[in-house]
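Before any comments, here is the structure.
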Amino acid sequence: MADERKESQKQSALDYHKYPKPGKLEIRATKPLANGRDLARAYSPGVAEACLEIKEDAATARDYTSRGNLVAVVSNGSAVLGLGNIGALASKPVMEGKAVLFKKFANIDCFDIELDEKDPEKLADIVCALEPTFGAINLEDIKSPDCFVVEKLCRERMNIPVFHDDQHGTAIVVSAAATNALRLCDKKFEDIKVVSTGGGAAGIACLNMLLKLGVKRENVWLCDIAGLVYEGRTEEMTEQKADYAQATDLRTLDDVIEGADLFLGLSGPGVLKQDHVKKMADKPIIFALANPTPEILPDLVREVSPDAIIATGRSDFPNQVNNVLCFPFIFRGALDVGATDINDAMKIGCVEGIAALARATTSAEAAAAYRGEEMLFGPDYLIPKPFDPRLMGVVASAVAKAACESGVATRPIEDLDAYKEGLDASVFKSAMIMRPVFEAAATQSRRIVFTEGESERVMRAANAMLEETTDKPILIGRPRVIEARAEKLGLSIKPGVDFELVNPEKDKRYRAYWQTYHKLMARKGVTPDLAKAIMRTNTTAIGAVMVHRDEADSLICGTFGQYLWHLNYVSQVLGGGDEALHPVGALSLMILEDGPLFIADTHVHAAPSAEQISETVCAAARHVRRFGVEPKIALCSNSQFGNLDSASGRRMRETLAILDGAERDFAYEGEMHADAALDETVRARLFPDARFEGAANVLVFANTDGASGVRNILKMKAGGLEVGPILMGMGNKAHIVTPSITARGLLNMSAIAGTPVATYG
């Protein structure tokens with residue numbers, strides 16, 4: 001059975017690389033090439049203009065070519081992963097994979113270059129000759145000590161960053177983990193004894209970095225296959241190992257492990273024994289990083305030292321030391337400031353950024369990617385997870401700052417806070433378009449009640465609100481449940497301290513709430529007993545009553561359940577009255593690669609009348625402007641400009657007449673198909689005198705089937721990120737989300753709910 005499983009996994013990996021097309025990379029054009037005019041600009045004669053500009057000023061290559069965001073991953077295949085010297089060609093899948101990681105995690109374009117050259121000096125010559133093509137070089141999987149020679153020569157001769165990730169990437173992540181491990185043990189770098197096994201590139205680089213962080217040279221004991229590195233030893237020695245030679249009569253790992261605070265293993269399986277662990281200091285830190293089998297398995301360590309802090313290179317144990325936490329982001333920061341080198345200050349900035357992020361509250365996105373894992377700073381969570389989207393902003397900005405301060409930046413960044421915001425916006429797709437909304441919300445503090453307060457997504461959103469906004473969250477839920485989940489999730493928020501809590505099982509306002517609800521609903525069949533039951537069990541109704549009583553400014557509900565069920569209770573309590581509020585429609589913002597697109601009405605009216613559609617159009621125009629977008633609204637139907645006598649066509653034509661009956665301050669047109677709405681060329685062929693130019697940015701449909709269908713297709717097939725749905729017409733007193741919403745989506749909705757009501761309707 002085990003052999004069958006292994007064979008199945010092997011075939012799955014091979015299929016992943018082979019289908020639907022071989023390899024993991026392809027090249028795509030960034031400019032259109034659709035006609036002769038495009039061709040004349042992309043190539044001859046237009047391309048000559050860009051060439052001449054670069055000849056005049058080499059720095060403009062960043063403006064007219066991809067060089068400023070292009071990295072080469074270079075290897076000769078002499079030390080590939082755990083595979084050894086497999087050669088340049090066989091290493092190509094690994095290098096392609098590295099290029100994919102650059103793109104995925106830091107949006108850096110990358111070419112993998114495999115060179116069939118074993119001589120380190122000749123290899124360095126080839127790499128140096130690549131400088132005109134690339135903005136930086138990532139050396140990869142080159143055996144020790146050749147890698148030291150290649151990197152040294154390239155760094156001396158090239159004016160762009162050269163970074164051997166096997167050395168420095170590993171060293172940076174190890175150092176970040178060590179920083180946090182020592183914090184937990186209440187120890188300092190300058191006081192600890194370090195014992196290391198493995199004198200290869202990664203091992204030496206880790207020791208070099210630990211020295212820069214304060215470890216004393218005399219407290220480092222390096223062992224390799226021949227035993228302790230000591231003064232006068234000639235067997236298996238290199239210049240780099242000799243730097244750590246000790247003047248001692250001790251000769252073995254067993255001799256030197258006594259009292260060690262940190263064991264750093266970058267060697268092979270089974271090197272560290274339980275007897276060795278017993279000899280180490282209290283609360284030993286054991287980084288057993290050999291792959292795939294570590295120097296000692298964590299379970300064996302726990303048997304003899306329960307308080308040990310352990311890291312490995314494997315993903316099936318806590319604290320995986322993974323270079324992807326470092327290299328995409330250190331290159332991102334270096335490229336963005338035009339760094340000529342990646343120096344010690346930048347590496348230390350990277351260490352500090354990674355370590356600090358692990359100590360912060362875990363992001364909702366990372367929690368979703370690693371569901372089931374407890375990610376609370378402590379012995380089993382020393383470093384963040386690779387899919388934590390905050391890595392880009394935190395680490396790359398720390399690197400950029402260090403580059404600017406240390407003088408290697410050719411394009412220093414003056415406003416590093418704005419730079420970090422831009423990095424975050426590149427990861428959190430909603431950040432840029434949501435900025436005007438958050439800024440408007442910051443003008444006053446509003447009380448937002450979340451009716452599903454026990455939800456992990458709601459709790460994370462409430463935590464983010466407290467960190468990022470001036471609004472005040474109110475959660476409806478059982479205190480014991482919320483407290484237990486907050487502790488498990490590593491959230492520092494506490495009920496009654498950081499946010500108000502409404503306990504549906506026992507709250508001093510219960511009588512006032514059920515009496516309020518009964519008064520509103522007494523002539524709609526709701527008895528006192530039913531009102532009491534609803535105020536004990538229906539959190540949406542409770543939240544609506546709170547808003548009605550001015551104990552909250554707005555409610556957010558819908559993380560589970562059906563939209564119209566929630567809408568029923570929202571309308572019961574908040575509809576009518578002096579303000580005559582009523583639900584007009586639901587507006588969803590879809591953030592796509594080429595910009596925002598708003599869709600309405602996605603939920604409220606299954607088959608709206610012309611009057612209801614016109615209300616939706618007017619409300620949508622107001623809401624769209626809140627995002628800094630000037631509305632261009634298309635009335636969508638299966639009919640185009642009167643060519644069909646269909647129900648939706650008639651309603652849309654009637655809607656157009658209603659809209660034309662009053663002066664409007666926004667552009668609208670219809671009725672038309674979605675392709676005509678989004679493509680000016682198509683629209684011009686059908687109706688040359690349309691009322692707006694370019695693509696529509698708001699699509700209003702004649703029924704919720706069409707609107708909701710387009711919304712879901714854009715989410716699932718076009719990678720659209722939804723903000724909303726925004727409930728229009730309720731005076732910003734209530735918003736009903738959908739069960740698929742994320743914690744960040746809830747944070748976005750809280751900002752929408754937090755905007756002063758005078759801003760929109």
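- Partners of Asp109 according to the side chain to side chain contact (heavy atoms under 4.5 Å, CB included) rule, which considers only residues two or more places apart in sequence or in another chain, are Asn69, Leu70, Lys103.
- When side chains are defined from C-beta on, Arg332 counts as touching Ile108, because their heavy atoms get closer than 4.5 Å.
- Among pairs with a residue in residues 198-211, those fulfilling side-chain hydrogen bond (donor to acceptor under 3.5 Å, both in side chains) read Asn208-Tyr244, at least two apart in sequence or across chains.
- A search for ring-ring contact (aromatic ring centres under 6.0 Å, His included) contacts involving His168 returns Phe163, not counting sequence neighbours.
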Without placing hydrogens or testing angles, list every side-chain donor-acceptor pair under 3.5 Å for residues 75-83, not counting sequence neighbours.
| from | atom 1 | to | atom 2 | distance (Å) |
| --- | --- | --- | --- | --- |
| Ser75 | OG | Gly77 | N | 2.9 |
| Ser75 | OG | Glu140 | O | 2.8 |
| Ser75 | OG | Asp141 | O | 3.4 |
| Asn76 | OD1 | Ser78 | N | 3.1 |
| Asn76 | OD1 | Ser78 | OG | 2.7 |
| Asn76 | ND2 | Glu117 | O | 3.1 |
| Ser78 | OG | Lys143 | N | 2.8 |

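- For residues 161-183, the salt bridge (Lys or Arg N to Asp or Glu O under 4.0 Å) pairs, not counting sequence neighbours, are Lys98-Asp165.
- Sorted pairs that involve residues 182-241 and meet ring-ring contact (aromatic ring centres under 6.0 Å, His included), not counting sequence neighbours, are lacking altogether.
- The side-chain heavy atoms of Asn219 and Ile192, taken from C-beta on, include no pair separated by under 4.5 Å.
- By the ring-ring contact (aromatic ring centres under 6.0 Å, His included) test, Tyr419 is found to be paired with no residue, residues two or more places apart in sequence or in another chain being considered.
- Side-chain rings of Phe327 and Phe105 stay apart, their centers remaining 6.0 Å or farther from each other.
- Side chain of Gln274 to backbone of Glu303: no donor-acceptor contact under 3.5 angstrom is found.
- Residues Leu210 and Val220 are not in side-chain contact: their nearest non-hydrogen atoms beyond the backbone lie 4.5 Å or more apart.
- Using a 4.0 Å cut-off between charged side-chain N and carboxylate O, Asp116 and Lys122 make no salt bridge.
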In a table with atom names and distances, give each donor-acceptor pair under 3.5 Å that connects a side chain of residues 254-267 to protein atoms at least two apart or in another chain.
| from | atom 1 | to | atom 2 | distance (Å) |
| --- | --- | --- | --- | --- |
| Asp254 | OD1 | Lys279 | NZ | 2.9 |
| Asp254 | OD2 | Lys279 | NZ | 3.2 |
| Asp255 | OD1 | Thr252 | OG1 | 3.4 |
| Asp255 | OD2 | Arg251 | N | 3.1 |
| Asp255 | OD2 | Thr252 | N | 3.1 |
| Asp255 | OD2 | Thr252 | OG1 | 3.0 |
| Asp261 | OD1 | Lys187 | NZ | 2.8 |
| Asp261 | OD2 | Lys193 | N | 2.9 |
| Ser267 | OG | Thr197 | OG1 | 2.8 |
| Ser267 | OG | Glu295 | OE2 | 3.0 |

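- For residues 292-316, there are no ring-ring contact (aromatic ring centres under 6.0 Å, His included) pairs, not counting sequence neighbours.
- Under a 3.5 Å cut-off, the side chain of Asn291 and the backbone N or O of Gly313 do form a donor-acceptor pair.
- With a 6.0 Å radius and a threshold of 12 heavy atoms from other residues, nucleotides or ligands, Glu121 has its CD atom at or below the threshold.
- Judged as a salt bridge (Lys or Arg N to Asp or Glu O under 4.0 Å), the pairs with a partner in residues 228-237 (not counting sequence neighbours) are, in order, Asp224-Arg233.
- Every residue meeting the side chain to side chain contact (heavy atoms under 4.5 Å, CB included) condition with Asp307, not counting sequence neighbours, appears here in chain and number order: Lys283, Pro284, Ser305.
- Among residues at least two apart or in separate chains, salt bridge (Lys or Arg N to Asp or Glu O under 4.0 Å) pairs with a member in residues 9-23 are Lys21-Glu26.
- Classification of Arg314 and Asp316 as a salt-bridged pair holds, one side-chain N sitting under 4.0 Å from a carboxylate O.
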